[in-house]
Number of protein chains: 2
Amino acid sequence: MARNRRPVPKEQKRDELLAAAAQLLVLDGYEATSMSRLAQHAGVAPNTLYWYFHDKDELLVAVADRYLQALLREHASLADRPLADQFLWLIERLRPVKHLVATVHNRVAVSASVREWHTGFHQSFENLFERQLAGPLAAEHRTAEFAAATFILEGAITHGIDEATTGQLCKITADRLHRVAEAKMNAI
Amino acid sequence: MARNRRPVPKEQKRDELLAAAAQLLVLDGYEATSMSRLAQHAGVAPNTLYWYFHDKDELLVAVADRYLQALLREHASLADRPLADQFLWLIERLRPVKHLVATVHNRVAVSASVREWHTGFHQSFENLFERQLAGPLAAEHRTAEFAAATFILEGAITHGIDEATTGQLCKITADRLHRVAEAKMNAI
DNA sequence: ATCGATCTTGAATGGTAATCAAGAGACGGT
DNA sequence: ACCGTCTCTTGATTACCATTCAAGATCGAT
């Protein structure tokens, strides 16, 4: 048990800092937002951020995860919509943070915490695919097909694609996954 | 005509700086390589880099373009190999610079020069598709199909995918493009 | 020999992420 | 009621960064 407790529980304050950080990071991006400015916007000294987060990368990961978890919670209520619609919804929801998605991919090579979160991010996508497809995929196709679907969605998020093309990409990806799940491999 | 000429022509020296910069950037990545270190490794003062390149971003673009142009020149001799093989070759050639690919995507939002080069980068991919497919695609499918293919290839480059999966992704992408080009849209 | 353009550099500026050591605040044990 | 200890907060500092400025060096043309 915690021996000492502050008036504001640690988890809560951490979440407040996260909420404040999310605003600035979404607005201006990772590299254009300094720890000083994040602290200032949260009404706290820069060093306080380093008490709750080891790194700027760890802060990025926490913000990204906060966003992702909220997204997945919201997504749960759409689970019976057509898969292409779910993809479209996901893309439109992730577009506002597309620069952060790009930053995550960029910092995978640099930061261990980002690297770890990134694999979880992909895992979430694959879990979603698996859940939606009812039948399990043949093991030999699963990895590549899921990777292809994930890459298309990631590309649609991070690149500024027009609405019509985005819709087509969602349809292409969903159709393909359904076909593979039905194991009509000769038609693929 | 140039009124004054240095013992070493400007273009040549620029290219030497580029070659030196490429080594370090490929090895350590964009953010971990400072302009000072790039200058030091090229045997020149940091400011000299700013005479030949306006920005660190412009230097990145120049290095990336140097790499891409060499790649496309080499690729020309593979034009009669199966499309999937060409994709595999491209991916294996771009993997060593995957962090730079990620950096380019990350800095598209920040730097105008990177943004401009990035569209050219995608254009090169689409040109390659078009050239390889013999018949032209239906206009209504072209954009989305090319985008999907590009995103899969980009994903395969930037993510650390194992060899088997990479091969499958190449095959999936190539097959799909061929099918679409043959306009068997009912089977897609 | 000189002029002007091209190229190079040392020094400085304003910013950055991160660290360190000192402090303030709350609680449990006494 | 005091005290020590743990939690949290901060000011000061460090080392580095991209970029700019003004001054210098070097060359070709006149």
Side-chain angles (χ1 to χ4, degrees), chain A residues 1-18 20-21 24-25 27-63 100 103-104 106-107 109-114, chain B residues 1-18 20-21 24-25 27-63 100 103-104 106-107 109-114:
Chain A
M1 278 298 286
R3 283 267 295 287
N4 296 327
R5 262 294 159 85
R6 284 284 140 143
V8 177
K10 185 170 183 178
E11 287 266 322
Q12 180 183 327
K13 173 127 193 187
R14 194 184 132 105
D15 203 64
E16 288 169 11
L17 295 177
L18 238 42
L24 258 60
L25 284 178
L27 201 62
D28 293 343
Y30 179 85
E31 14 267 329
T33 309
S34 69
M35 291 295 269
S36 299
R37 214 152 62 83
L38 287 170
Q40 191 178 0
H41 184 249
V44 103
N47 272 355
T48 301
L49 294 178
Y50 285 95
W51 173 259
Y52 291 92
F53 311 96
H54 176 258
D55 251 348
K56 195 185 177 184
D57 284 302
E58 203 177 286
L59 178 54
L60 169 69
V61 162
V63 165
L100 294 184
T103 297
V104 164
N106 191 37
R107 298 197 68 77
V110 173
S111 157
S113 43
V114 173
Chain B
M1 279 299 286
R3 286 267 296 285
N4 296 329
R5 261 296 158 86
R6 287 279 135 151
V8 177
K10 184 168 183 178
E11 288 265 320
Q12 180 184 327
K13 173 128 193 185
R14 194 185 132 106
D15 203 65
E16 288 170 12
L17 294 177
L18 238 41
L24 259 61
L25 284 178
L27 201 62
D28 293 342
Y30 180 84
E31 13 269 328
T33 311
S34 70
M35 292 294 270
S36 298
R37 214 152 63 83
L38 286 170
Q40 190 179 0
H41 184 251
V44 104
N47 273 352
T48 301
L49 294 179
Y50 286 94
W51 173 259
Y52 291 92
F53 310 97
H54 175 259
D55 252 348
K56 196 184 177 185
D57 285 300
E58 201 176 288
L59 177 55
L60 169 70
V61 162
V63 166
L100 294 185
T103 297
V104 164
N106 191 36
R107 299 197 66 78
V110 173
S111 156
S113 44
V114 173

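Please read these numbers as outputs of a predicted model, since none were measured by experiment. So that the names make sense, note that chain A is the first sequence line, chain B the second, and so on, each numbered from 1.
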With 3.5 Å as the limit, what N/O pairs link the protein to nucleotides 13-17 of chain C?
unit_1, atom_1, unit_2, atom_2, d
C/dT16, OP1, A/S34, OG, 3.1
C/dA17, OP1, A/M35, N, 3.3
C/dA17, OP1, A/K56, NZ, 3.0
C/dA17, OP2, A/M35, N, 3.0

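- The shortest distance between side-chain heavy atoms of A/L59 and A/H54 does not fall below 4.5 Å.
- An OP1 or OP2 oxygen of C/dT8 is reached within less than 4.0 angstrom by a side-chain nitrogen or oxygen of B/K13.
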List every contact pair, protein side and nucleotides 21-24 of chain D side both N or O, where the distance is under 3.5 Å.
unit_1, atom_1, unit_2, atom_2, d
D/dC21, N4, B/N47, ND2, 2.9

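- Note: CD (A/E11) to P (D/dT7) measures 15 Å, nearest angstrom.
- Legend: salt bridge (Lys or Arg N to Asp or Glu O under 4.0 Å) pairs involving residues 45-58 of chain A, not counting sequence neighbours, sorted by first then second residue: A/D57-A/R107.
- The side chain of B/W51 lies closest to C/dT6 when the candidates are D/dC8, C/dT6, D/dT9.
- Under the side-chain hydrogen bond (donor to acceptor under 3.5 Å, both in side chains) criterion, B/S113 pairs with B/S111, not counting sequence neighbours.
- For B/T48, there are no side-chain hydrogen bond (donor to acceptor under 3.5 Å, both in side chains) partners two or more places apart in sequence or in a different chain.
- The distance between atom NZ of B/K10 and atom C1' of C/dT8, rounded to the nearest whole Å, is 13 Å.
- Within the structure, the salt bridge (Lys or Arg N to Asp or Glu O under 4.0 Å) test picks out the following pairs touching residues 27-39 of chain A (sequence neighbours left out): A/D28-A/R37.
- Across the protein-nucleic acid pair, B/F53 atom CZ and D/dT19 atom C1' stand 16 Å apart, rounded to whole Å.
- We find the OH-CD distance between A/Y52 and A/E11 to be 10.5 Å, quoted to the nearest 0.5 Å.
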Report task. With side-chain contact (heavy atoms from CB on, under 4.5 Å) as the test, would you mind laying out the steps for A/F53 and A/L18 before giving the verdict? Result -> CA-CA 10 Å; A/F53 311 96; A/L18 238 42; 3.1 Å; yes
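- Whole-Å rounding puts the A/L59 CG to C/dA18 C1' distance at 14 Å.
- Following rounding to the nearest Å, B/L60 (CG) and D/dA18 (P) show an atom-to-atom distance of 12 Å.
- For the side chain to side chain donor-acceptor pair (under 3.5 Å) with A/E16, the lone residue among A/K13, A/Q12, A/R14 that qualifies is A/Q12.
- The side chain of B/T48 lies closest to C/dT9, out of D/dT9, D/dT10, C/dT9.
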